[in-house]
Student: 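Attaching a single structure in structure tokens format; questions to follow.
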Amino acid sequence: MPAPQQPSPNRAHNQTWDAATLSKADKASVLHPYTNLRQHQTDGALTIVSGKGVWVTDSNGNRYLEAMAGLWCTTLGFGESRLAEAAKRQIEELSFYHLFGAKAHPPAIKLAEKLLSVAPSPMGRVFFTCSGSEAIDTAIKVVWYYNNALGRAKKKKIIARDRAYHGVTVAASSLTNLPINQRSFDVPIPGMLKTTCPHYYRNAKPGETEEQFATRLANDLDALIQAEGPDTVAAFFAEPVQGAGGVVVPPKTYFEKVQAVCRKHDVLVLADEVICGFGRTGNFWGSQTFGIKPDLLTMAKGLTSGYLPLGALMVSEAVFQALADESAKIGAFGTGFTYGGHPVPCAVALETLAIYEERDIVAMARANAPRFQAAFRALESHPLVGEARGVGMVGAIEIVADKASKTPFDPPGKGGGTVMRCCQDEGLIARQIGETIAMSPPLVITPSEMDEMFSRLGRALDKAAKLLGVKG
Ligand SMILES: Cc1ncc(COP(=O)(O)O)c(C=O)c1O
């Protein structure tokens, strides 16, 4: 544990608090997402009180290198004053307006125009939401509406991959194929189909090359669509890199092959860029890194550098035209969120995009990526690490009890959980996903901060190996 600094009472917002009072209030009042709620009642939370650059500070004064950019989102690091100023200016200019019933405001118009100009394939319109889940949820509705517009009442099923993460609303979590998101929540809803996760390390057959693996998965997808009936399958949703499913980088030729299958069956392709968008994979979009030409594209997180909630769905011109026809028939495109396209997050997004351009954040990510990826790959020699994987500025290690057989620790999560706790003790915040430890730091991280990050991770792994009884 880093040496605690002087706990200082925080008087921001005219409130005084201390760590113990906060912890007690947290346990008594907050229902925490993605948390073992019973355990939280005893252990409490790690309460973060401030952040600057890649560093955050907890309520006891301990500093952590935030290797996850929060939740894969604070691309510009914490405390960027230009974004605070953009929010302040917009609140003073126009604190709220909406886009319902053909109303508009400049920040949403300018942002939509800007996003269309940088889209990875030609896009027609942008629909704003408050989150990635809402963008996915809206995409599902759009896909259904589109097929109704075309008179294809049966063409409604949507395919996602195993271990996909597309969010948590009822429909989005029906495409989030992770047990923790579906168990006991009575999802998936009907009509959601699942195909194989393109994780070469776990799912390739012995001796299979990456290309052969990709061909097999494309054939599986084809067989699934044929078995269901192509006239019943509407869309294929995919993250360029599966993030919350464990940082799964697709095998070579995968997207080329699965897109060909989708085109053959007139199945729309949605690229879920909520994590991969805005430079994460070394290009502006993950779609550019992997040659995806989506009909629909969802984004959030890095759109505002995570500073304010904002998501968006882009649709192709062909999809837009069908929506327009159907809305004219019915009377309106009857969906929208009160805060979707709120002027303040839109203004912050415009400023974020301006900073990306001025500082060439994508080039910075691309320049830092070889050092970042090499440091990950070097960890493969560690006795606990079965696989190190990643692309651009996102990476992960998979913890195993036995490298030769790829056997995880028992019970599930024991290896990953131990490493994650050791990271925290070393002043490093990484993300545990089962047996995987993921890192996706702010894109503004410097080479020396990266070195610091990996030396902390290395120490954490050594400590975890001792605790797990594994010899180096
Ligand atoms: C690929 C992907 N899609 C959708 C979502 C859901 O976004 P949100 O948490 O903003 O609802 C996430 C969140 O991590 C994500 O990673």
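Position 1 is the first residue of the sequence, and the numbers go up from there. Atoms within each ligand, like the ligands themselves, are counted from 1 in listed order.
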Student: Could you tell me whether ligand 1 has any atom less than 4.0 Å away from a heavy atom of K301?
Tutor: yes

Student: Between L296 and M314, is a side-chain contact (heavy atoms from CB on, under 4.5 Å) present by the stated rule, with each step listed?
Tutor: CA-CA 6 Å; L296 306 126; M314 288 203 282; over 6 Å; no

Student: As an exercise, identify every atom of ligand 1 less than 4.0 angstrom from a heavy atom of I275.
Tutor: 16 (O)

Student: Is G132 close to ligand 1, meaning an N/O of one under 3.5 Å from an N/O of the other?
Tutor: yes

Student: For D295 and R263, run salt bridge (charged side-chain N to carboxylate O under 4.0 Å, His left out): C-alpha distance rounded to whole Å, both residues' side-chain angles, the deciding distance at 0.1 Å, then the answer.
Tutor: CA-CA 11 Å; D295 305 291; R263 302 290 174 231; 2.9 Å; yes

Student: Distance only, no hydrogens: is a donor on one side chain within 3.5 Å (strictly under) of an acceptor on the other, for H166 and N177?
Tutor: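 On atom types as modelled, these side chains do not qualify, holding no pair under 3.5 Å.
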
Student: Output the list of atoms in ligand 1 that are nearer than 4.0 Å to some heavy atom of E239, sorted by atom number.
Tutor: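 Atoms satisfying the 4.0 Å criterion: 1 (C).
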
Student: Do the ring planes of F333 and Y145 sit parallel (below 30°), tilted (30 to 60°) or perpendicular (above 60°)?
Tutor: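 Correct class here is perpendicular.
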
Student: Need the ligand 1 atom indices (1-based, order shown) with element for anything under 4.0 Å from a heavy-atom of S131.
Tutor: 10 (O), 11 (O)

Student: Taking the inter-plane angle between the rings of F278 and W285 on a 0 to 90° scale, is it parallel (under 30°), tilted (30 to 60°) or perpendicular (over 60°)?
Tutor: tilted

Student: Please determine if S133 has a nitrogen or oxygen closer than 3.5 Å to a nitrogen or oxygen of ligand 1.
Tutor: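 N/O-N/O distance under 3.5 Å: yes.
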
Student: Is there a salt bridge (charged side-chain N to carboxylate O under 4.0 Å, His left out) between E211 and K252? Walk through the geometry before answering.
Tutor: CA-CA 6 Å; E211 284 87 347; K252 289 187 196 93; 5.1 Å; no

Student: Please could you name the atoms of ligand 1 that D272 approaches to less than 4.0 Å, counting only its heavy atoms?
Tutor: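 By the 4.0 Å cutoff, the relevant atoms are 1 (C), 2 (C), 3 (N), 4 (C).
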
